[in-house]
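Heads up: the structure comes next, in structure tokens.
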Amino acid sequence: METAYNPSAIESKWYAYWLEQKLFESKVDSREPYTIVIPPPNVTGVLHMGHMLNNTIQDVLIRRARLQQKNACWVPGTDHASIATEAKVVARLKERGIAKETLSREEFLKHAWEWTEEYGGVILEQLKRLGASCDWSRTTFTMDQHMYDSVIEVFVDLYEKGHIYRGYRMVNWDPEAKTTLSDEEVIYQEREGNLYYIQYPYTDGSGALTVATTRPETIFGDVAICVNPDDPRYTDKLGKTVLVPIVNREIPIISDTYVDAEFGTGCLKITPAHDQNDKAIGDKYALEVIDALNADATLNAYALHYEGLDRFEARPKIAEELQSLGLLLKVENHLNKVGTSERTGAVVEPRLLDQWFLKMDELVKPAIDAVLKSGEIKLHPSKFDNTYKHWLENIRDWNISRQLWWGQQIPAFYYDNTFVVARTLEEAVDKANERAQSAKSDKRYTAVDLRQDEDVLDTWFSSWLWPISVFNGILEPDNKDINYYYPTSDLVTGPDILFFWVARMIISGYEYRKTYPFKNVYLTGLVRDKQGRKMSKSLGNSPDALGLIDTYGADAVRVGLLLSSAAGNDLLFDESLCQQGRNFANKIWNAFRLITSWEVAWIAQPEASKIGIEWFNSQFNSTLDFIEDQYAKYRISDALMALYKLIWDDYCAWLLELIKPAYQQPIDATTRQEAFELMERLLVVLHPFMPFLTEELWQQLDKRADTESICVAHWPSSGPVNQELMSQFSHTQAVISALRTLRTEKQLKPKELLDIQTQQTDQPQVIPEVLSKLGFTSPITIVESAGENTLSLRIETTEYYIPIEAQINLEEEVEKLQAELEYQRGFLEMVNQKLSNKRFVDNAPEAVVAVERKKAADALEKIQAIEATLSKLT
RNA sequence: GGGCUCUUAGCUCAGUUGGUUCAGAGCACCUGCCUUACAAGCAGGGGGUCGUAGGUUCGAAUCCUACAGGGCCCACCA
């Protein structure tokens, strides 16, 4: 065996083996199911650090469940991501000189499917490199036929239940993608802008009214000027009219308490077509709506000679013209929040459009209760409860239509001046005719009379069904998969899509399965770089995920990611984390090399080995209990760290050193057997974190049948813990540590056996066999006095004081002892002071007072011992 | 603007109901070792008045208040 672990060949070998053995495939059976549905990545996405973290956690959970003999099912898949994917397809077409507008819907979709087939699923292949144990036979794409049909079914159903409606409303418009966005898809950013003070001349020629605006290009849509009714500056102006500059259109001055007299000049221009609040005021006072913008955010004919110009290009030009007209009073710098598109980054334009909405007020109720009242669903960490609650309680109707082609086309069919909602065109024709019939109309419709809505549904309107639709639970609500696997067990995702996705899945779960979609939600943190910056392409600070696997091995990367990422905490990623993972893999590799290198002989088991193994069993059991507890709390990092220490410190550093035979000496059969069994148990517990390494070693550790894999080995159960032995052992460790320190400080040769003489002052006992095995002889004798250049001194360990005999420098030692004496006297005084405090003695629990008394007694004892030693020396 | 949350060693973080075991872990760092599993290692070591200022208490990293500085979420101030 090589002296270092070399992951690359091993990883591909075992992944292929796992697939071949179908170890990740799950079928309904009588075992307890453990289900995770993957947060489907964008079908054309590539693996980044966030995915790696997220999917490693899922894999850890699913592999552990598998070892616990549960029926583990991890459903993988991808999302069609309508805006993002459509944008990419449009860009590629543009490169080839094809404009989307010149294509029919069918032609465009053909290109989109081509793209999907070309790049789709690359990310799933990359997940395999990471070791993800998904049931690939269940791979699902949100545009698969049954997934598509599920979405349509749900739309029709919700429409029929009255939850979906069509409305002419102010919506968020992305002028780049030329589609509407939901409120959640708008990201507000602070931008440096200007506040323009524009003068609107009174029609009666009595001067002008000054209005402050950040968007002078919208003056073409102005329909009124509004002031606060209590603003004394304007009370005599109410009822007058002013002229909109440039277009010279006459508009009234009105008043409403909405206007803040403190801001700007206290005058607000009302532009109902381009601002949510203006629309509200416009509606209140029955004002006209003038839309001065085109879909691509260029100005239209209302803007006269600015027609065709982009809104941001027009802005300074309009300011210039106003300046030349003498109507621009001043321009101030102004910081304001601008809504931008989550996908394209374009500045979002509020627009009045006919759109489809999902009414949320009723649907949301069970989703609130599930997390905050019944506790059916738990968020990890729970600090997200508040955020979740706030969002759901203030939820607004969801705009679910998108002006795109890539996605599920809205199943609404228009004819005459009305529409029907139906699963298919045929069904729509029938419905239209039924409706005509019941209205006693003679009119009859055929397919050519009906025209389907051009829009598609928001991507999240398909992903909110994911935990149900991957098991086909919408179309066949009683099939055996959905009944068995749903509700799923755990969901692992980032907090950035808590609203987009998690909350909505909970809503749809209660609507369509009458129960929660998952029991636990593990929210990971964001992966950031060492400086705490978000990883992004433009900063170039995002490491190549697959490159890391190539360099360090998948196991090492997994460990590196997990070691320092508590749930919900951002992870400041640094490559050194992977190094730590690699070092750990190597440590285990070498421990394995050691135990498999021994010759076995039929000799008696040394006492030290026997004790060591008994101790390690206790240590293992107590650590396993701890690990189970950490898993139960979803503290994966802590579980891993405990295991890391168990393997590195306890197994390698202590146990192996204790049982290791002398050079080229054989080992007794019992010890070797025990060491192997312990290693095997450690490998199983480690397997969820480091699947490849553990499989390799597990296979080499014993003869395994072709079909045997650590993936389906049995998770060990905890056993009894010998507390007394644990205590003795840790005491012995402390003594050894103290002795080593002494040896280092006194610069004794490493190999030199240090004769120590210990005096037991209290339980627990040191274990002489352990001391001896590790290079310290330890006749238990009491040293009464110091000889020449020899001192009986006390070495402090955590709890006890052990007299040690060693060669030392007397002067130095005296100095040290005097310092120690002073310290102890001060300490004693402090404790005595506390003990003479009546309030303390009366109020503190008995045990606490006893501890203080013991401290005092110990200190006194120490002082006396030091004084005695000093008197002998001087 | 509203709400939530955080501040503990150089870094990333544990620290449950205030009380022995509370001032910890991993990494990094320093010193000495190429000792026959592992230098991707071994042995040892130094680091913190727990953000600041008050308060409650016999006792505060822990509870309360204010302040300072981060972070997150939400919100229509033109």
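Residue numbers start from 1 in every chain, and the chains themselves are labelled A, B, ... in the order their sequence lines are given, proteins ahead of strands. Keep in mind that the numbers below use all heavy atoms, side chains included, and drop hydrogens, waters and symmetry copies.
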Identity of whatever pairs with B/rA25 - Watson-Crick or G-U, under 3.5 angstrom = B/rU12
inquiry  = Let's test this: given Watson-Crick or G-U wobble pairing with both distances under 3.5 Å, identify the partner of B/rU62.
reply    = none
key: B/rG15 versus B/rU8 - spacing of their P atoms, nearest Å   = 14 Å
message = Would A/K337 and A/Y188 count as a cation-pi pair here, with the cationic atom under 6.0 angstrom from the ring centre and within 45° of the axis?
response = no
ask   = For the side chain of A/R635, counting heavy atoms from C-beta on, which of B/rC38, B/rA14, B/rG26 is nearest?
value = B/rA14
Min side-chain heavy-atom separation A/Y522-A/L379 under 4.5 Å = no
Distance between P atoms of B/rA28 and B/rA23 (Å, rounded) = 27 Å
key: Rounded interatomic separation in angstrom, taking OH from A/Y5 and C1' from B/rA39   = 21 Å
note = Closest to the side chain of A/N386, out of B/rG26, B/rA40, B/rC4, is B/rC4
query = Roughly, in whole Å, what's the span from CZ in A/F573 to P in B/rC13?
reply = 15 Å
ask   = Taking 4.0 angstrom as the limit, do A/E674 and A/R672 come out as a salt bridge?
value = no
query = Considering only side-chain heavy atoms of A/A591, which listed nucleotide, B/rA40, B/rA37, B/rA14, is closest?
reply = B/rA37
request  = Would you kindly give the NZ-to-C1' distance between A/K660 and B/rA37, to the nearest whole Å?
outcome  = 7 Å
inquiry  = Taking only the P atom of each, what is the distance from B/rG59 to B/rU20 in whole angstrom?
reply    = 16 Å
key: Salt bridge A/D385-A/K389, side-chain N to carboxylate O under 4.0 Å   = no
query = Any Lys/Arg nitrogen of A/E575 or A/R582 sitting under 4.0 Å from an Asp/Glu carboxylate oxygen of the other?
reply = no
ask   = Which part of the nucleic acid, if any, lies within contact of A/R582, taking any heavy atom under 4.0 Å across all strands shown: a base, the sugar-phosphate backbone alone, or nothing?
value = base
task = Sort out the partner of B/rC67 for me: Watson-Crick or G-U wobble, both distances under 3.5 Å, none otherwise.
result = B/rG51
ask   = Can we say A/R215 and A/E217 salt-bridge, meaning some charged N sits less than 4.0 Å from an Asp/Glu carboxylate O?
value = yes
query = Is the distance between the ring centroids of A/F263 and A/H334 less than 6.0 Å?
reply = yes
key: Distance, rounded to the nearest Å, where A/E393 contributes CD and B/rG2 contributes P   = 19 Å
task = Indicate yes or no: does A/D397 engage A/R169 in a salt bridge with an N to O separation below 4.0 Å.
result = yes
request  = Describe the nucleic acid contact of A/D574 in one word from base, sugar-phosphate, nothing, applying a heavy-atom distance below 4.0 Å.
outcome  = nothing
inquiry  = If the threshold is 4.0 Å, N to carboxylate O, is there a salt bridge linking A/D183 and A/R396?
reply    = yes
ask   = What nucleotide, of B/rG41, B/rU12, B/rG26, holds the atom closest to the side chain of A/W648?
value = B/rG41
Whichever of A/S597 and A/L571 has its nearest RNA chain B nucleotide further upstream toward 5' = A/L571
request  = May I ask you to evaluate whether A/K645 reaches the phosphate of B/rG24, defined as a side-chain N or O under 4.0 Å from OP1 or OP2?
outcome  = no
note = In whole angstroms, the gap separating C1' of B/rG41 from CG of A/D649 amounts to 14 Å
key: Ion pair check, A/R593 and A/E2, cut-off under 4.0 Å   = no
request  = Starting from P on B/rG44, measure out to CD1 on A/I736 and report it in whole angstrom.
outcome  = 10 Å
request  = When you get a sec, tell me which of B/rC38, B/rG26, B/rA37 is the closest nucleotide to the side chain of A/N586?
outcome  = B/rC38
ask   = If we take the P atom in both B/rA43 and B/rG55, what is their distance in whole Å?
value = 48 Å
request  = Using the C1' atom on both, measure B/rC38 against B/rG47 and round to a whole Å.
outcome  = 29 Å
query = Looking only at N and O atoms, is any donor in the side chain of A/E2 or the base of B/rA37 less than 3.5 Å from an acceptor on the other one?
reply = no
task = If the glycosidic angle is within 90 degrees of 0 it's syn, otherwise anti, so just tell me which one B/rG41 is.
result = anti
ask   = Given the P atoms of B/rA66 and B/rG3, what is the spacing between them in whole Å?
value = 12 Å
key: Pairwise C1' distance, B/rU7 and B/rG48 [rounded to whole Å]   = 14 Å
query = Whole Å only: how far is the CG atom of A/N590 from the C1' atom of B/rC42?
reply = 13 Å
ask   = Base, sugar-phosphate, or nothing for A/S737, non-hydrogen atoms under 4.0 angstrom?
value = sugar-phosphate
query = Who does B/rG18 pair with, Watson-Crick or G-U, both distances under 3.5 Å?
reply = none
ask   = Considering only heavy atoms and no angle criterion, is a donor-acceptor pair shorter than 3.5 Å present between the side chain of A/K383 and the base of B/rC4?
value = no
ask   = What's the CD1-P distance between A/I647 and B/rG41, to the nearest Å?
value = 15 Å
Who pairs with B/rG41 - Watson-Crick or G-U, where each distance is under 3.5 Å = B/rC33
query = Going 5' to 3' along nucleotides 72-78 of chain B, which nucleotides have protein heavy atoms under 4.0 Å from the base (write B), which only from the sugar-phosphate (write S), and which from neither (write -)?
reply = SSSBBBB
message = Measuring only the P atom in each nucleotide, how far is B/rG10 from B/rG46? A whole number of Å is fine.
response = 15 Å
